[in-house]
Protein chains: 2
Amino acid sequence: MTKDRAPTRIQKKNRAAILEAALEVFSTHGFRGATVDQIATEAGLSKPNLLYYFPSKEAIFNELMAQLLGTWLDPLRSLDPDGDPMEEILAYVQRKLQMSRDFPRESRLYANEIVQGAPRLLGTIATDLNALVEEKSALLQRWMQAGKINSAHPKHLLFSIWSLTQHYADFDVQVRALMADEDPFDAAPEYLDTLYRRMLTPSDN
Amino acid sequence: MTKDRAPTRIQKKNRAAILEAALEVFSTHGFRGATVDQIATEAGLSKPNLLYYFPSKEAIFNELMAQLLGTWLDPLRSLDPDGDPMEEILAYVQRKLQMSRDFPRESRLYANEIVQGAPRLLGTIATDLNALVEEKSALLQRWMQAGKINSAHPKHLLFSIWSLTQHYADFDVQVRALMADEDPFDAAPEYLDTLYRRMLTPSDN
DNA sequence: CGTGAGTTTTACCAGTTGGTCAAATCAAAG
DNA sequence: CTTTGATTTGACCAACTGGTAAAACTCACG
């Protein structure tokens with residue numbers, strides 16, 4: 001049994017390799033569609049060797065998810081109440097879009113889990129994410145009432161930002177199949193910037 | 001072997017029950033995560049009995065997909081070159097949104113397949129869907145050049161419509177978890193109508 | 001009613017799944 | 001260079017997977 005000592009050099013390397021491999025496999029097959037053998041091979045280990053580092057398939061998945069959720073919500077958390085409303089929101093959109101480009105597997109891992117009903121994640125969503133969303137919705141509403149941005153349902157506004165930005169990661173193969181040689185991420189930043197600018201610029205009345 | 005006769009009453013009933021069950025199971029677990037046994041039980045049949053009507057798991061999936069794709073693209077197909085541009089687009093958005101509310105499983109089935117790299121669907125996308133998208137992109141561009149709607153990348157415009165509307169089906173559990181008792185589909189139609197109206201109303205210059 | 005096609009079931013199979021175990025190997029501190 | 005804990009492996013298991021074969025049943029139609 002591995003005791004509660006500081007992790008060995010080998011432990012650090014192998015646990016990292018396993019999580020990297022698990023991200024790859026889980027994000028393209030979902031939890032049930034992924035196999036421990038596949039993850040082990042991808043990580044360059046044998047299956048029993050992998051299970052020496054993690055007690056079960058579900059344990060790998062949970063650690064991966066916990067790690068992901070920590071950083072995944074950072075952009076929303078850093079929506080600054082003291083910044084300029086329009087610029088804060090537009091910057092948030094661009095940051096989310098960049099994350100879709102730079103970490104598409106993380107986005108797909110999350111998408112897979114939600115589309116399939118979030119059986120292993122609903123608790124976290126209903127508590128942690130909900131609290132964050134409530135806080136930021138209230139902030140958006142204050143901005144709207146102050147006339148800094150146009151009025152809109154704040155939660156639907158957040159949903160639309162998630163949806164539009166993560167679409168480029170989650171539906172990547174479709175987007176690329178329909179855009180031929182053009183890189184989707186060339187025009188996407190400007191498109192989304194324009195969309196939210198037009199949507200949120202206060203109409204003078 | 002079932003010959004090429006007209007389908008029996010029982011055949012009609014059971015094939016329908018199987019496809020209905022398969023939609024339920026495939027849409028919540030993806031292809032690899034779904035099991036034939038699960039589909040059979042859901043359809044009220046034994047596994048061998050199910051395999052009397054369909055030769056394999058993949059055959060069920062393929063028929064389901066073919067059936068889905070036929071109707072799924074109808075709203076886009078019926079985007080009318082002779083209608084009023086703004087109203088045509090807004091009506092398309094609302095129709096897509098209604099489909100997300102009325103047929104969420106179909107949307108999730110499709111989402112599952114795309115998120116996982118569309119291994120069984122990429123051909124269709126690259127040919128059939130691509131042709132349709134090219135046609136409608138050209139139409140949108142004509143409307144833009146005629147000044148009927150604001151300029152924007154036509155393909156990104158289509159992607160955004162798909163993304164925003166299907167989000168309410170694909171991420172249903174998340175959306176509902178974050179909206180408490182409020183029904184997402186109460187405010188969504190107005191939100192999307194406003195969004196695209198502001199986005200596409202020609203700025204006078 | 002009986003008869004043959006259409007339908008369902010029981011029993012089965014080979015391959016894969018997540019996971020265990022004890023033995024073998026390795027690494028590093030003394 | 002040895003000893004002890006960390007690591008890796010091969011053999012294995014029970015449950016499940018997609019799919020098959022043949023016998024048994026059911027149903028409509030003459």
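Lettering of chains follows the sequences in order, A, B, ..., and the numbering in each one begins at 1.
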Item checked: Pair B/E58 + B/R120: basic N to acidic O under 4.0 Å -> no
Note to self: Tell me the interatomic distance from A/L51, atom CG, to D/dA11, atom P, rounded to whole angstroms.
What the structure shows: 18 Å
Note to self: Under the side chain to side chain contact (heavy atoms under 4.5 Å, CB included) test against B/L64, which residue among B/L19, B/L69, B/I18 passes?
What the structure shows: B/L19
Next item on the list: Please state whether the phosphate of D/dT9, meaning OP1 or OP2, lies under 4.0 angstrom from any side-chain nitrogen or oxygen of A/S46.
Entry: yes
Notebook entry, point to check: Can you check the A/N14 CG to D/dA6 P distance for me, whole Å?
Noted result: 15 Å
Check: Between A/H29 (NE2) and C/dT17 (P), how many Å, whole number?
Finding: 11 Å
Notebook entry, point to check: Starting at NZ of A/K12 and ending at C1' of D/dA6, how long is that distance when rounded to a whole Å?
Noted result: 16 Å
Next item on the list: Kindly say if B/Q11 contacts the phosphate of C/dG6, meaning a side-chain N or O under 4.0 Å from OP1 or OP2.
Entry: no
Notebook entry, point to check: Is there a donor and acceptor pair, one atom on the side chain of B/K47 and one on the base of D/dG18, closer than 3.5 Å?
Noted result: yes
Check: Would you say B/Y53 reaches C/dG6's phosphate, i.e. side-chain N/O to OP1/OP2 under 4.0 Å?
Finding: no
Item checked: Criterion ring-ring contact (aromatic ring centres under 6.0 Å, His included) on A/H153 and A/F159, from CA distance to verdict -> CA-CA 10 Å; A/H153 194 299; A/F159 297 159; 7.9 Å; no
Check: In terms of side-chain heavy atoms of B/P48, which of C/dG18, C/dT20, C/dT9 is nearest?
Finding: C/dT9
Checklist line | Among D/dG18, D/dA6, D/dT8, the one nearest A/I10 by side-chain distance | finding: D/dT8
Next item on the list: Grab the CG-P distance between B/D37 and C/dC12 for me, whole Å please.
Entry: 17 Å
Checklist line | Presence of salt bridge, B/R197 and B/E190, under 4.0 angstrom | finding: no
Check: How close or far is atom P of C/dG18 from atom CD1 of A/I39, stated in whole angstroms?
Finding: 8 Å
Check: Among the nucleotides C/dT7, D/dA28, D/dT8, which one has an atom lying closest to any side-chain atom of B/R9?
Finding: D/dA28
Checklist line | Side-chain N,O (B/N49) to OP1/OP2 (C/dT9) below 4.0 Å | finding: yes
Check: Between D/dT17 atom C1' and A/R32 atom CZ, what is the distance in whole Å?
Finding: 11 Å
Check: Does a nitrogen or oxygen in the side chain of A/T35 sit under 4.0 Å from OP1 or OP2 of C/dT16?
Finding: no
Notebook entry, point to check: Looking for any heavy atom pair under 4.0 Å, which part of the strands does A/A34 touch: base, sugar-phosphate only, or nothing?
Noted result: sugar-phosphate
Margin query: Do A/R15 and A/F54 form a cation-pi contact, if we require the NZ or CZ to be under 6.0 Å from the six-membered ring centre and within 45 degrees of the ring's axis?
Written below: yes
Note to self: Whether B/Y52 contacts C/dT8 is assessed here as follows: a side-chain N or O lying under 4.0 Å from the phosphate OP1 or OP2. Is that the case?
What the structure shows: no
Check: D/dT17 C1' sits how many Å from B/L50 CG, rounded?
Finding: 14 Å
